[in-house]
There are 2 protein chains.
Amino acid sequence: MKQTKVVIDGQKLHYSSELARALAHPLRLKILEFLDRNQEVNVNKIYNTLRIEQSITSQHLKVLRTAGVVDYVKEGKYAKYYIKYDVVARAEKAVNRFLGKE
Amino acid sequence: MKQTKVVIDGQKLHYSSELARALAHPLRLKILEFLDRNQEVNVNKIYNTLRIEQSITSQHLKVLRTAGVVDYVKEGKYAKYYIKYDVVARAEKAVNRFLGKE
DNA sequence: TTATATTAATAAAAATCTTAATATCATAGA
DNA sequence: TCTATGATATTAAGATTTTTATTAATATAA
């Protein structure tokens, strides 16, 4: 058995699972996909296009924000959301670890 | 705004979020990491090494099994678990979509 | 006042943990 | 043989915690 001494620490473990948790809901993936296709969209556009309740959309956006997957800039009365691709890239690396690609 | 007509269908959306959900717990990531370092380990080895309650380990393994991330072969009284890397690879592709790598 | 968006409160649903029960296999011993 | 015992692992039942949805209230900019 190979068994390395380097074990993933609790911090990273927690962070990774938080990230996975943010992606663990169909609506959130749907929102992310929409943001991926349209950079800088306001909330109104999101819930009107995807036919999601305004409040629900806002709450899911908060989960994504907390996980650091998205962020937004305020423009007048609009909130323009966008994906934080660097964070998603880090998620990818985590997956890569399982595949021994690094 | 570019907005393609091809939208991810409900099936895939559901499947992807199921997969994310399976990874959305520190203990499950810990177990997966252990399985990644040691191919074909029995349950006893998992919970003794990681210091997790037997029953909890079994329940988390079930979640991982249901999501299709791991599977096992029965060998006598042992159940040898292993990661289904092909499934993890598909998870990676999903992440790649967000990065426009395919 | 209206449009945009978030937050609060609470109800409903799902996930997790705890503890106990069950199932299966291997084997020691009558 | 057979049956009892120990080791392995899963499952069941419940209580607890966390997520999600619903609805109403709040905040802010035009």
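Between its opening and closing five pairs, the helix from C:dT1-D:dA30 to C:dA30-D:dT1 changes axis direction by 10°, a value rounded to 10 degrees.
With sequence neighbours excluded, the residues that form a side chain to side chain donor-acceptor pair (under 3.5 Å) with A:Ser55 are A:Gln59. Partners of A:Ser17 under the side-chain contact (heavy atoms from CB on, under 4.5 Å) rule, at least two apart in sequence or in another chain, are B:Pro26, B:Leu29. Taking A:Asn44 as the reference, A:Asn42, A:Tyr47, A:Asn48 meet the side-chain contact (heavy atoms from CB on, under 4.5 Å) condition, with sequence neighbours excluded. Considering only residues two or more places apart in sequence or on other chains, A:Tyr72 meets the ring-ring contact (aromatic ring centres under 6.0 Å, His included) condition with A:Tyr81.
A:Tyr78 belongs to no multi-residue hydrophobic cluster, having no ILVMFWY side-chain contact under 4.5 Å with any other such residue. Annotation for A:Val73: hydrophobic cluster partners, listed by chain and number, are A:Tyr82 (ILVMFWY side-chain heavy atoms under 4.5 Å, direct or chained).
When DNA chain C is scanned in the 5' to 3' direction for atoms under 4.0 Å from non-hydrogen atoms of chain B, the outermost contacting nucleotides are C:dA15 to C:dA26.
Residue pairs meeting the salt bridge (Lys or Arg N to Asp or Glu O under 4.0 Å) criterion with at least one partner in residues 18-29 of chain A, sequence neighbours excluded, are A:Glu18-A:Arg21.
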Between the protein and nucleotides 6-8 of chain D, list every N/O to N/O distance that falls short of 3.5 Å.
{"residue": "D:dT8", "atom": "OP1", "partner": "B:Asn44", "partner atom": "ND2", "Å": "3.3"}
{"residue": "D:dT8", "atom": "OP2", "partner": "B:Asn44", "partner atom": "ND2", "Å": "3.2"}
{"residue": "D:dT8", "atom": "O3'", "partner": "B:Lys77", "partner atom": "O", "Å": "3.4"}

Between protein and nucleic acid, restricted to nucleotides 20-22 of chain D and to nitrogen or oxygen atoms under 3.5 Å apart, what atom pairs and distances do you find?
{"residue": "D:dT20", "atom": "OP1", "partner": "A:Arg28", "partner atom": "NH2", "Å": "3.3"}
{"residue": "D:dT20", "atom": "OP2", "partner": "A:Arg28", "partner atom": "NH1", "Å": "3.1"}
{"residue": "D:dT20", "atom": "OP2", "partner": "A:Arg28", "partner atom": "NH2", "Å": "3.4"}
{"residue": "D:dT20", "atom": "O3'", "partner": "A:His25", "partner atom": "NE2", "Å": "3.4"}
{"residue": "D:dA21", "atom": "OP2", "partner": "A:His60", "partner atom": "NE2", "Å": "2.9"}
{"residue": "D:dT22", "atom": "O4", "partner": "A:Gln59", "partner atom": "NE2", "Å": "3.1"}

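Across residues 64-75 of chain B, not one residue has a non-hydrogen atom less than 4.0 Å from an atom of DNA chain C.
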